[in-house]
Amino acid sequence: MASGTSRGAVAALLNASGLGAGYLYLRLWGRAVAAWAGTAVLVLSAIWIHASGTPWFWLTVFALWLATMVRGGWKHGAAAPPAARPPWLPLTAAVALLALVTAGVVQYRGGPGQETERGDAAHAAGDCARAVEHYDAATAGRNELTFSPALERAADGRAGCRILLTAEAAAAEADFTGAINGYGDYVARYDGSPPWPGAPDRLAELHLGQADSLADGGTIEAAFAAYAAIPAGFPDSEPAAAVPERLDALYTRHTRALADEDHCAAVGELRPFITLRTEHQGDPLAGGLAERAEAAFPDALYECGITSYRDDDHTSARTALEEFQSLYPDDGRTERAGDTLIAIEIADIGGGATGDLPDPTPAGSAPGGTATVEIVNDSPEALEILYTGAETGTKTVDACGGCTTQSDLLSGWSDTACQAGIDRPTTTIRLPAGTYEFVVRTPDDSSVTPFYGSWELSSGTAYSDCYYIETSLY
């Protein structure tokens, strides 16, 4: 026969299982149902509120609940009348039940750790899709009561993997910015040592893909900056080793006009490469590209000017040749560039509103094969003479200090103009015989109309003319 004390001990031990079995043993059906309901409420609340986040609080709550049931089992068992059955049988059942519950709890608590380890292994292999499945299993609501630290590790691993999966989805859509930002966040999340060790190499690959994309459809500056960032950020990676070859391809792809001898287009192609030296001072990669462009630029610029002149595109020719003169004053072609600019000026004046410059007046002889042209200035303005033909050049005749404006402009005759016996400024031009275009203008007074003429200068002939200025009354 079991005494009250032994019945209390058995009921307390059975209630320690958390299943209210001690109340069933005592046939206290109401209390058994209440114990089940209380345990169910605590379990569901813990799952709903994510008890794993505050384990010590919930461990305390469950410990108090079990202590309450153990105390209740002891109290009601000790107060019950002695049972006819021997105490060892229910006591054995209580111990077995408690052992079974304990074994179940141990196995239950180990589940999240196993799933997390599987997730970590897949994560380390770069298979985040499979890793997330294991992490999700580890952090399922049913595991909240394990209070295992593996849940927190699984949640962290899942968050990292989701960053990678989002980045790869962006990469699949050729959204290199999104993919690079995602991988950058992933690597930074683990202070540069992420669970998947291949992430930095993959990030370098994405940078190379972005640079290739910009090389195909972006600006040279943007493409170069993207390429240059790879060896700077990932110096020992395969993409970094590929950068010099990619930059060579970038130069070749964007200087096709240079290869095709389309000189003016080549000038535009070369400028962005030249500016890389300024934009990326001290960068040997930028310096190398700029050096190649700088070596090709003078030829392209000069030929652009000469070709444009031959094609009667005087605006483009003037722009190119003036820049050539400014940038390369010591180049052997600078003199010819200047002659071409003079020819352009003469052609533009001759094609505009000008006066008609009469043929020069023969005034004597000159050495064989040559002709001389003397210009006498009978005006208060300096005169500039521009000429082109077998030779090209300019001459300036100083203003005549004692001269005044006359009644006809550069006509060569007047009652008062160009009279003999007066000392006036003169200049003489010696040229090979041939056909020339001449312009006479006042460089300091744009209101005076320039005069243009085409002259045939005969071999062995000296020419002389006196020019003056007059304001028109009509």
Side-chain angles (χ1 to χ4, degrees), residues 220 251 254-278 289-355 357 373 375 382-397 427 429-432 434-446 448-455 457:
I220 290 170
Y251 183 86
H254 288 278
T255 56
R256 288 171 180 161
L258 182 66
D260 295 339
E261 297 186 353
D262 183 357
H263 304 294
C264 290
V267 168
E269 289 179 340
L270 293 169
R271 289 189 192 278
F273 288 102
I274 293 174
T275 60
L276 290 178
R277 188 188 297 279
T278 303
L289 287 177
E291 185 175 348
R292 292 177 67 179
E294 288 164 351
F297 193 72
D299 290 346
L301 187 60
Y302 176 78
E303 293 298 334
C304 172
I306 297 300
T307 302
S308 297
Y309 171 65
R310 291 171 182 164
D311 294 339
D312 292 327
D313 183 358
H314 290 174
T315 299
S316 297
R318 180 182 285 108
T319 299
L321 293 175
E322 286 178 348
E323 183 178 5
F324 182 83
Q325 281 187 313
S326 173
L327 293 177
Y328 310 106
D330 298 326
D331 191 285
R333 297 164 292 186
T334 300
E335 183 176 353
R336 185 184 174 193
D339 290 347
T340 305
L341 286 169
I342 293 171
I344 291 170
E345 187 73 7
I346 292 172
D348 287 348
I349 291 173
T354 66
L357 194 63
V373 179
I375 305 295
L383 297 180
E384 183 181 25
I385 298 94
L386 292 77
Y387 57 90
T388 186
E391 288 187 4
T392 300
T394 64
K395 284 281 189 176
T396 301
V397 189
T427 190
I429 306 170
R430 185 182 300 274
L431 298 169
T435 302
Y436 289 83
E437 294 177 89
F438 269 77
V439 165
V440 179
R441 65 181 179 182
T442 55
D444 299 326
D445 189 350
S446 60
V448 178
T449 301
F451 272 56
Y452 167 86
S454 179
W455 294 350
L457 301 181

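Sequence positions, counted from 1, serve as the residue numbers for this chain.
Counting heavy atoms from C-beta on, the side chains of Leu386 and Glu345 come closer than 4.5 Å. For the pair Thr275/Arg277, no side-chain contact is recorded, criterion being any heavy-atom separation below 4.5 Å from C-beta on. Residues His263 and Ile306 fail the side-chain proximity criterion, which asks for heavy atoms closer than 4.5 Å. Between Leu270 and Thr255, the closest side-chain pair of non-hydrogen atoms falls below 4.5 Å. Using a 4.5 Å heavy-atom cutoff, the side chains of Arg333 and Pro298 are in contact. Looking only at side-chain heavy atoms (C-beta outward), Phe297 and Leu327 come within less than 4.5 Å of each other. A 4.5 Å side-chain heavy-atom check between Ile349 and Arg441 finds at least one atom pair inside the cut-off. Within the 4.5 Å cutoff, side-chain heavy atoms of Leu321 are placed close to those of Tyr302.
Tyr251 carries Arg292 over the face of its six-membered ring, with the cationic atom under 6.0 Å from the centre and within 45° of the normal.
Between the side chain of Thr319 and the backbone N or O of Thr315 there is at least one donor-acceptor pair closer than 3.5 Å. Counting only distance, with no hydrogens or angles, the side chain of Asp311 and the backbone of Asp313 share no donor-acceptor pair below 3.5 Å.
Nearest heavy-atom pair, Tyr328 versus Leu301, reported as atom, atom and distance to 0.1 Å: CE1-CD2, 4.3 Å. Residue Ser308 comes nearest to Ser316 through the heavy atom pair OG-CB, 3.7 Å, listed as atom of the first residue, atom of the second, then distance.
Using modelled atom types, one finds no donor on one side chain facing an acceptor on the other under 3.5 Å when comparing Thr442 with Asp445.
Aromatic ring pairs are classed by plane angle as parallel below 30°, tilted from 30° to 60° and perpendicular above 60°; the pair Phe438 and Trp455 is parallel.
Atom CD of Glu291 has 12 or fewer heavy atoms from other residues, nucleotides or ligands within 6.0 Å.
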